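Along the sequence shown, residues carry numbers from 1. In this text the structure is predicted, and so the values were computed from the model without any measurement.
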Amino acid sequence: MNDSYKELLVTKEKGFKDKLLRVVCVIPTIFLGLLVLLTGNIIVFILTVAFGVLDYFIFQWTDIEFEYLYLDKEICIDKIMAKNRRKRVATLNVEKMEILAPEKSHELDSYRNRSVKTVDYSAGQDLPGQKLYAMFYEGNQKYLMNLDEDFAKTVKGIAPRKVFMD
């Protein structure tokens, strides 16, 4: 029995939409905070607190990391929000995987025209030392993940005909 263990942490890139959402939420909070200081109005104070709470949740939702854990022929994916909340979002059995290859690989050409549900657990692009991989799973799901060469080699050791690293 091959008990390999690997883990990898990937930080999701904050796109333009995430940055814009943060700015659009913070500006009214600052404006309302200044208005409270000038007027002392209790209703404006309540609105400021409400916008502050909204800002807190927006910052949590836009600060995301994914942790991939390979153990005993399973890849577990955890979503970490704001470095303090962890949630298991997927557990993938390597034996049910059809193919795992870099997103731009020619090995995926026969899979590109499939209409499958795509789930993105990646940073959104290639990162230094990590490639964007696509995994087709059980015929009806596609998972996107950022994997480094060591993680991909570990999975390839279990399923050499299903994993491509070109």
Chemist: Once you round to the nearest 0.5 Å, how far does OH of Y137 lie from CD1 of I99?
Modeler: 15.5 Å
Chemist: Looking at every heavy atom in both S105 and R112, which two are closest together, and how far apart are they?
Modeler: O-NH2, 2.8 Å
Chemist: Do D150 and K153 meet the salt-bridge criterion of a basic N to acidic O distance under 4.0 Å?
Modeler: no
Chemist: With clusters defined by side-chain heavy atoms of hydrophobic residues (ILVMFWY) lying less than 4.5 Å apart, directly or transitively, does V94 cluster with Y143?
Modeler: yes
Chemist: Applying the 4.5 Å side-chain criterion to the ILVMFWY set and letting contacts propagate, would L127 and L147 be lumped into a single cluster?
Modeler: yes
Chemist: How about E74 and T91: do any of their side-chain heavy atoms sit closer than 4.5 Å?
Modeler: yes
Chemist: Going by an N to O cut-off under 4.0 Å, is there a salt bridge joining E98 and R114?
Modeler: yes
Chemist: State, yes or no, whether a side-chain contact exists between Q125 and L132 at a heavy-atom distance under 4.5 Å.
Modeler: no
Chemist: Which pair of heavy atoms, one from C25 and one from I58, lies closest together, and at what distance?
Modeler: SG-CG1, 3.8 Å
Chemist: Got V155 and L100 here, is their nearest side-chain heavy-atom distance under 4.5 Å?
Modeler: yes
Chemist: Can you check whether L69 reaches I75 side chain to side chain, under 4.5 Å on heavy atoms?
Modeler: no
Chemist: For a 4.5 angstrom cut-off between non-hydrogen side-chain atoms, does R88 reach C76?
Modeler: yes
Chemist: Is the backbone of Y121 close enough, under 3.5 Å, to the side chain of Y68 for a donor and an acceptor to pair up by distance?
Modeler: yes
Chemist: List the atom of L8, the atom of Q130, and the distance in Å for their closest heavy-atom pair.
Modeler: CD1-NE2, 3.5 Å
Chemist: Can you name the residues that form a ring pair (Phe, Tyr, Trp, His ring centres under 6.0 Å) with F51, not counting sequence neighbours?
Modeler: none
Chemist: Could you grab the distance from atom NZ of K156 to atom CZ of R161, nearest 0.5 Å is fine?
Modeler: 11.5 Å
Chemist: Measure the acute angle between the ring planes of F151 and Y70, then classify it against the limits of 30° and 60° as parallel, tilted or perpendicular.
Modeler: perpendicular
Chemist: Between A101 and E107, what is the shortest heavy-atom contact and its length?
Modeler: CB-CB, 4.5 Å
Chemist: Roughly how far, to the nearest 0.5 Å, is OG1 of T29 from CG of D55?
Modeler: 3.5 Å
Chemist: Do the side chains of V26 and L47 join up, straight or via other hydrophobic residues, at under 4.5 Å, putting them in one cluster?
Modeler: no
Chemist: With a sphere of 6.0 Å drawn around CZ of F45, does it hold more than 12 non-hydrogen atoms of other residues, nucleotides or ligands?
Modeler: no
Chemist: Does a side-chain heavy-atom distance below 4.5 Å link N93 with K96?
Modeler: yes
Chemist: Restricting to non-hydrogen atoms, name the atom on R86 and the atom on I80 that form the minimum distance, rounded to 0.1 Å.
Modeler: NH2-CD1, 3.6 Å
Chemist: Hydrophobic clusters here meaning ILVMFWY residues chained together by side-chain heavy-atom distances under 4.5 Å, can you tell me if Y111 and V119 are in one?
Modeler: no
Chemist: Under 3.5 Å, side chain of T48 to main-chain N/O of V44, donor-acceptor pair present?
Modeler: yes
Chemist: Are D78 and F66 side-chain neighbours, meaning at least one heavy-atom pair lies under 4.5 Å?
Modeler: no
Chemist: Are D126 and K131 within salt-bridge range, i.e. N to O under 4.0 Å?
Modeler: no
Chemist: Please check if the side chain of N146 supplies one atom and the backbone of A123 the other of a donor-acceptor pair under 3.5 Å.
Modeler: yes
Chemist: Hydrophobic cluster membership, with links at side-chain heavy-atom distances under 4.5 Å among I/L/V/M/F/W/Y: are M145 and V89 in one?
Modeler: yes
Chemist: For K14, what residues pass the side chain to side chain contact (heavy atoms under 4.5 Å, CB included) criterion, not counting sequence neighbours?
Modeler: D18, K19, R22, D63
Chemist: Should we count CG of L38 as having more than 12 external heavy atoms under 6.0 Å?
Modeler: yes
Chemist: Let me confirm one number: the CD1-OG1 distance from I42 to T39, rounded to the nearest 0.5 Å.
Modeler: 10.0 Å
Chemist: Measure the NZ-OG1 distance between K6 and T154 for me, rounded to the nearest 0.5 Å.
Modeler: 4.5 Å
Chemist: Decide, yes or no, whether a salt bridge links K79 with E65 under the criterion of side-chain N to carboxylate O below 4.0 Å.
Modeler: no
Chemist: Less than 4.5 Å apart, side chain to side chain, heavy atoms only: is that true for E67 and I77?
Modeler: no
Chemist: Please list, chain by chain and in numerical order, all residues satisfying side chain to side chain contact (heavy atoms under 4.5 Å, CB included) with K142, sequence neighbours excluded.
Modeler: E103, V116, T118, A134, F136, L144
